[in-house]
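Worksheet: the structure to be examined is printed underneath.
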Amino acid sequence: MIDLFQPQAGDAELAAVAAVFADRWLGHGPRSAAFEAAFAAHIGVRPEHVLFLNSGTAGLFLATELLGLRPGDEVVLPSPSFVAAANAVVRAGGRPVFCDVDARTLNPTAEDVEAAVTPRTKAVVVLHYGGYPGDIARIAARCRAAGRTLIEDCACSVASRADGRAVGTFGDLAMWSFDAAKVLTTGDGGMLYVRDAELAVRARRLAYHGLVQPTGLGHARVSSRWWELDVPEPGRRELGNDLTAAIGAVQLDRLPAFLARRREIVELYDRELADCDALRLPPPLPAGHTSSYFFYWVQMAAGLRDRVAAALLRDGIYTTFRYAPLHKVPAFGTGGPALPGAERAAAETLCLPLHPGLGDRDVRRVAAALRGAVAAEGRPVLTREG
């Protein structure tokens, strides 16, 4: 089976884990702090503004909790998003309001976001689909002008940039995911960025049970009774640990090589599929944008995608569509306005295998199988614009 994702970890990560074992401290500690500092340098911010967590989902839940939502407050987010984003809004007491996206890029434009905004809108969440930055600069500018909080879901975009600036730093809060499928993996884990310094302190406190000062061995002793607790508000246990941080530090060093290979695979898919008129390939990146190349997606005539995916699976090639449009999910309420871009993308889009473990031969096999599956359907030509 050629898988959609495959983590890349080996001897260097094993050696880093062995060093943590030798130090006999596996919890959140010095290696977590070092990973936070290295990641902060990677995105160009100060380390006290980032926090290593046990998952990207924890970052979304913590970010929405920091909004202080009240009943009736709305949060706008693109409909093709991972379910955790909408779950986080609901659990924080808000109402998710879904906006449309460009059918080709699966990213919202500033106009898509504005179309969903109401006087009750408290915040906007933007996903950088597949690692492509999208219209982030314009969306951020409009949110600032309106006084709306912007949360960037950077789960797909660990190294994406727009005009030299790391995605995740355009808004007020951002999170990254390091689960086993991601470009940079710690097995499970995530990073949270908080622009406001005071809010960053609060986020760190909430991520560790609400404690003002951690207690126990290895932490500063603020009194002779260091076991006493100071908890001004309740929190949860969402911190990452030194075991996974050690893996993350190695992965961050390897990130340039991962990205280079992913880009090679994308370019090979582009060449192998360029003359297949039944397919639309990912649109080119705008000038000044760089991608993390998390997804490679093709689009085909409505009704064809599911049969092609089934044919590829029979051929030992796993594909999928991410992300299902959330405005169709009963848990978040239905009956809102139609979102034609999101619905068209959901009917036509298929994500192909993309990870550095693929050899050129694997990529050509996927491309050939895709072309064959489409040809076997005898479908009409799909225009590049249509």
Side-chain angles (χ1 to χ4, degrees), residues 36 38-47 49-53 56-57 59-60 62-64 76-78 80-82 84-85 88 99 101-102 105-110 112-113 123-144 148-179 181-185 189-196 200 248 251-252 255-256 258-259 262-263 266 282-297 322-323 354:
E36 288 171 352
F39 193 83
H42 167 64
I43 63 173
V45 302
R46 294 180 61 84
H49 291 268
V50 300
L51 174 60
F52 182 45
L53 299 171
T57 294
L60 284 168
L62 190 50
T64 52
V76 172
L77 64 158
S81 296
F82 187 50
C99 72
V101 297
D102 179 273
T105 68
L106 284 86
N107 273 323
T109 65
D112 289 326
V113 172
V124 173
V125 179
V126 173
L127 171 73
H128 304 287
Y129 185 81
Y132 288 63
D135 199 14
I136 185 58
R138 294 177 65 233
I139 293 171
R142 294 194 182 190
C143 285
R144 281 194 302 273
R148 290 190 289 266
T149 300
L150 175 60
I151 300 173
E152 293 182 69
D153 181 343
C154 302
C156 302
S157 46
V158 69
S160 305
R161 306 181 80 84
D163 298 323
R165 184 173 175 181
V167 302
T169 64
F170 285 84
D172 303 287
L173 300 134
M175 53 68 62
W176 291 260
S177 173
F178 306 141
D179 72 28
K182 296 302 189 294
V183 177
L184 184 161
T185 182
M191 199 73 76
L192 177 71
Y193 164 68
V194 184
R195 178 183 298 280
D196 181 83
Q251 289 269 302
L252 191 58
L255 185 57
F258 292 161
L259 295 169
R262 296 178 86 95
R263 180 171 182 170
V266 166
L285 284 163
H289 284 208
T290 58
S291 176
S292 301
Y293 299 109
F294 185 55
F295 292 150
Y296 185 91
W297 65 97
R322 296 192 178 188
Y323 296 102
L354 175 55

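Counting from 1, the numbers follow the sequence of the chain as shown.
Here the CG-OG1 distance, from D153 to T57, works out to 9.0 Å after rounding to the nearest 0.5 Å. Within the model, atoms CZ of F295 and SG of C156 stand 4.5 Å from one another, a figure rounded to the nearest 0.5 Å. Rounded to the nearest 0.5 angstrom, I151 CD1 and L62 CG are separated by 10.0 Å. Taken from CE in M175 to CG in L192, the straight-line distance is 8.5 Å, to the nearest 0.5 Å.
A donor-acceptor contact shorter than 3.5 Å links the side chain of H49 to the backbone of R195. Between the side chain of T185 and the backbone N or O of K182 there is no donor-acceptor pair closer than 3.5 Å. R138 contributes no side-chain N or O that, together with a main-chain N or O of R142, makes up a donor-acceptor pair within less than 3.5 Å. Checked by atom type and distance alone, the side chain of E36 never pairs as donor or acceptor with a backbone atom of P47 at under 3.5 Å. Although no hydrogens or angles enter the test, the distance criterion places a donor-acceptor pair under 3.5 Å between the side chain of D135 and the main chain of A110. For the pair T149 (side chain) and A123 (backbone), a donor-acceptor distance under 3.5 Å is absent. Between the side chain of D172 and the backbone N or O of L150, at least one donor-acceptor pair lies under 3.5 Å. R262 places a side-chain N or O within 3.5 Å of a backbone atom of L354 that can act as its donor or acceptor partner.
Within the 4.5 Å cutoff, the side chain of N107 has heavy atoms near those of the Y132 side chain. Annotation: side chain of Y323 is in contact with side chain of L127 (closest heavy-atom distance under 4.5 Å). Residues V125 and V76 form no side-chain contact, since every pair of their non-hydrogen atoms from C-beta on lies 4.5 Å or further apart. Two residues are said to be in side-chain contact when any heavy atoms from C-beta on lie closer than 4.5 Å; L173 and E152 fail this criterion. For the pair F258/L184, no side-chain contact is recorded, criterion being any heavy-atom separation below 4.5 Å from C-beta on. Under the 4.5 Å side-chain criterion, counting only non-hydrogen atoms from C-beta, I43 is in contact with V50.
Here F39 pairs with H42, W176, F178 under the ring-ring contact (aromatic ring centres under 6.0 Å, His included) rule; sequence neighbours left out. With sequence neighbours excluded, no residue forms a ring-ring contact (aromatic ring centres under 6.0 Å, His included) with F170. Residues forming a ring-ring contact (aromatic ring centres under 6.0 Å, His included) with Y296 (at least two apart in sequence, or on another chain): Y269.
Across all non-hydrogen atoms, the minimal contact from H289 to P133 is ND1-CB, 3.6 Å. Residues L106 and R322 come closest through the heavy atom pair CD2-O, 4.4 Å. Counting all heavy atoms, side chain and backbone alike, T290 lies closest to A159 at OG1-O, 4.1 Å. The minimum heavy-atom distance between P108 and I139, with the atom names listed, is O-CD1, 3.7 Å. The shortest heavy-atom contact between A287 and D163 is O-OD1, 4.0 Å. Closest approach of S292 to S160, counting heavy atoms only: OG-OG, 2.8 Å.
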*Would L53 and M191 count as a side-chain contact (heavy atoms from CB on, under 4.5 Å) if you check the C-alpha gap in whole Å, the side-chain angles of each, and the deciding distance to 0.1 Å?*
CA-CA 6 Å; L53 299 171; M191 199 73 76; over 6 Å; no

*Would you sort out whether V194 and L51 count as a side-chain contact (heavy atoms from CB on, under 4.5 Å), showing the intermediate values?*
CA-CA 9 Å; V194 184; L51 174 60; over 6 Å; no

